[in-house]
Amino acid sequence: MPIALTIVGNINVDFLFRAEKPPSPGENLVAKDHQISPGGKGANQAVAAARLGAKVTVVGRVGRDPFGQLLTRNLEREEIDVSRISIDPSKPTGTAFVTVMPSGENAILSSLGANLALNATCIEQAFATIEDIDGILVQLGIPLSSVDRVIQIGTDLGVPVFLDPTPIRDGLPRLWRYCTSVTPNQSEAALLTGLKTSNIALAFAAAEKMHTMGVRRGVVKLGSKGCVLFDDDGPRRVRPYDVQVVDSTGAGDAFAAALAVRLTEGADFDEAAIFASATAAMACTKAGAQSSLPTRQQVESFLSRRGKRKMLTSGAR
Ligand code: RIB
């Protein structure tokens, strides 16, 4: 039986430009090419989880415009339940401008539009009709009060709530530390904990502080350096899988979704984090946020080719 994951988050249309760099003030740059593709952290995580075998329901909001329709249909094609995606009568569908540089790194400017109209009432109405929930995954591309409502509902239901705390705009959800796992990158971890996270030793301290503050399983993502973990068993590090990076857009989403899927399935933290790290590495090898997301079978064959346990080191090293 597949696990049932409810994913609450933003749905965007991505305008992806391949260019040497994003323009600076006063500059008028020409990109190598561009593509328009489905994105948004909530939608990317939903597609990632569905391809990894979860039964996914999305709670989100789009505008009454052609992008909203296309993005919803795209999720439906991935066999995701879209019946809790509502349409906002006055706000446009969320939109992101993504510059992908030759190194595969990206710079993103997004406007959340209708995503910011997914208020606590929409959340309550949506959850009232979802029957099957084994776990909940949420990010910050919707109002913070709605994120808090999601965390509260998940806690009341007694299901794990996974928070990917991005993008951080104007503060944090009040209840973030009550989540089962939280997966910030280094700069987000600094904001959550008030600690510096500029190197791996400091990132370990931030993961430990998240755990001390209440998060059962703290993760700090380190991009090309892997990630660090902290739970009741202390600190560990997952080293990165070496891949040819084409476009890292959506890699963090792939990580968060894969971790949520494996933890909800009952995997232990180390195994789930190695699986998430492999999924994120694979997501960097193709262009686009969703087109690069691998299937369960692809991740499993990658893991059996590349190995699992050698990627893990115990202790803060
Ligand atoms: O994480 C990548 C996503 O961030 C993009 O798809 C873009 O829409 C922004 O929300």
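Please read all numbers here as calculations on a predicted model, not as lab measurements. Each ligand, and each atom within it, is numbered from 1 in the order the structure gives. Residues take their numbers from the sequence shown, with the count starting at 1.
Ranking protein heavy atoms by distance to atom 5 (C) of ligand 1, first place goes to Asp14 OD2, 3.3 Å. Here the protein heavy atom with the shortest distance to atom 9 (C) of ligand 1 is Asn12 ND2, 3.9 Å. Of the protein's non-hydrogen atoms, Asp253 OD2, 3.4 Å is the one closest to atom 2 (C) of ligand 1. Closest to atom 4 (O) of ligand 1, if we only count protein heavy atoms, is Lys41 NZ, 3.4 Å. Remark: minimum distance from atom 3 (C) of ligand 1 to any protein heavy atom is reached at Asn44 ND2, 3.7 Å.
Of all the atoms in ligand 1, the ones that sit under 4.0 Å from a non-hydrogen atom of Ala96 are 7 (C), 8 (O).
Around CG of Asp242, the count of heavy atoms belonging to other residues, nucleotides or ligands within 6.0 Å does not exceed 12.
The closest side-chain donor-acceptor pair between Asp253 and Gln139, if any, does not fall under 3.5 angstrom. There is a side-chain donor-acceptor pair under 3.5 Å between Asp164 and Thr183.
Cation-pi contact between Arg306 and Tyr241: absent, since separation from the ring centre below 6.0 Å together with deviation from the ring axis within 45° is not met.
Checking only distances, Gly39 never comes within under 3.5 Å of ligand 1, N or O to N or O.
Both Met213 and Leu191 are members of a single hydrophobic cluster when ILVMFWY side chains are connected at heavy-atom separations under 4.5 Å.
Under the 4.0 angstrom criterion for non-hydrogen atoms, Gly141 is not in contact with ligand 1.
Here the CG atom belonging to Leu163 is positioned 8.0 Å from the OG atom belonging to Ser181, to the nearest 0.5 angstrom.
Partner of Asp270 under the salt bridge (Lys or Arg N to Asp or Glu O under 4.0 Å) criterion, chosen from Arg217, Arg237, Arg236: Arg236.
Only side-chain heavy atoms of Asn10 come within less than 4.0 Å of ligand 1; its backbone N, CA, C and O stay farther off.
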